[in-house]
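Down below is the structure, laid out as structure tokens.
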Amino acid sequence: MTNDLLTALNAQFQSSGLGQLVDWVDSEVLQSGSAYFDGRPIALQVPSQPNADSATLVISDANGNEVAHRQLSLGDSFYEWDGLGNNSETQSSAFYTFRIDAYASGELINSGQATTYQRVTEARSGSDGEIVLTLLGGAEVNASGVDGIRVTD
């Protein structure tokens, strides 16, 4: 192809909005809900628990079975789950949910879902014009539903 043809194709690509979609692919988005474990650690954002004296991360499989509990350090805003269950065995590649239980003097004072960073494998324009992101494992989320984005190496 000639340089003029490549320049014209690139201009068409950018004006069609597809260039915006490409920027999403291979980034990681912060979102609520389940996350897919594929053997690589899953990064979680841990919300502040100001009135708690301890916090526990509870990891459950797609059927709701608890597979792991981890004591969290108060004040840490991130945690990386290595995929190990309570039995110290690596869990299967599947979707998992992450709940944070906060305690004060041994009593549960707050329980909520942690948000996770998930890799974007595909981005497309939906029928309503909304950008639809396909995440690792095949889950889909609208771009307007993500809480953050980061680029990784």
Side-chain angles (χ1 to χ4, degrees), residues 13-14 16-153:
F13 181 73
Q14 295 299 327
S16 70
L18 292 177
Q20 178 185 6
L21 297 176
V22 168
D23 292 339
W24 286 97
V25 177
D26 285 333
S27 65
E28 289 186 342
V29 294
L30 183 64
Q31 55 95 34
S32 303
S34 61
Y36 190 77
F37 175 69
D38 68 347
R40 291 178 284 188
I42 293 178
L44 298 98
Q45 186 174 51
V46 179
S48 172
Q49 303 293 335
N51 299 318
D53 54 31
S54 67
T56 302
L57 174 66
V58 180
I59 302 141
S60 300
D61 64 18
N63 296 319
N65 301 312
E66 294 181 5
V67 298
H69 292 79
R70 297 289 183 271
Q71 193 66 33
L72 297 174
S73 296
L74 293 176
D76 287 348
S77 56
F78 291 96
Y79 181 83
E80 196 169 82
W81 181 52
D82 55 11
L84 296 180
N86 287 333
N87 58 5
S88 297
E89 292 183 13
T90 301
Q91 298 300 296
S92 303
S93 293
F95 285 96
Y96 294 88
T97 57
F98 303 87
R99 185 183 79 230
I100 298 173
D101 292 340
Y103 297 88
S105 301
E107 291 198 32
L108 182 67
I109 61 169
N110 188 24
S111 183
Q113 194 169 30
T115 52
T116 60
Y117 280 100
Q118 288 286 283
R119 189 169 60 86
V120 176
T121 59
E122 177 185 324
R124 67 178 188 287
S125 182
S127 59
D128 59 357
E130 173 81 39
I131 295 175
V132 178
L133 306 173
T134 303
L135 307 178
L136 184 68
E140 292 185 346
V141 62
N142 287 338
S144 61
V146 302
D147 298 320
I149 184 170
R150 68 182 185 182
V151 178
T152 60
D153 295 329

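What you are looking at is a predicted structure, and each value in this text was computed from that prediction instead of being measured.
Once rounded to the nearest 0.5 Å, the distance linking CG of Asp26 with CZ of Arg119 reads 5.5 Å. In this structure, CG on Leu72 lies 8.5 Å from CG on Leu44, to the nearest 0.5 angstrom. With values rounded to the nearest 0.5 angstrom, Thr121 atom OG1 is found 13.5 Å from Trp24 atom CH2. Rounded to the nearest 0.5 Å, atoms OH (Tyr96) and OH (Tyr36) are 9.0 Å apart.
Across all their heavy atoms, Ala114 and Ile100 have their closest contact at CB-CD1, 3.8 Å. Of all heavy-atom pairs spanning Ser54 and Leu74, the tightest one is N-CD1, 3.7 Å. Summarising the geometry of Glu130 relative to Ala143, their closest heavy-atom pair is OE2-N, 3.5 Å, with the distance given to 0.1 Å.
Looking only at atom types and distance, the side chain of Thr97 has no donor-acceptor partner in the side chain of Gln113 under 3.5 Å away. No side-chain donor from either of Ser93 and Asp38 sits under 3.5 Å from a side-chain acceptor of the other.
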Donor-acceptor pairs are to be reported for all side-chain atoms of residues 131-138 against protein atoms at under 3.5 Å, with residues two or more places apart or in another chain.
none

Which atom pairs, one a donor and one an acceptor, fall under 3.5 Å between side chains of residues 102-110 and the rest of the protein, sequence neighbours left out?
residue: Asn110; atom: ND2; partner: Gln49; partner atom: OE1; Å: 3.2

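At a threshold of 4.5 Å between non-hydrogen side-chain atoms, the residues Leu84 and Thr90 count as touching. The side-chain heavy atoms of Leu57 and His69, taken from C-beta on, include no pair separated by under 4.5 Å. Using a 4.5 Å heavy-atom threshold, the side chains of Val46 and Ser77 count as separate. The closest side-chain heavy-atom distance from Ile42 to Gln118 is below 4.5 Å.
For residues 66-91, every residue pair satisfying the salt bridge (Lys or Arg N to Asp or Glu O under 4.0 Å) rule, not counting sequence neighbours, is listed here: Glu66-Arg99.
Under the 30°/60° scheme for interplanar angles, the aromatic rings of Phe98 and Trp81 are found to stand perpendicular.
In this structure, the side chain of Asn142 does not engage the main chain of Ser144 through any donor-acceptor pair within 3.5 Å.
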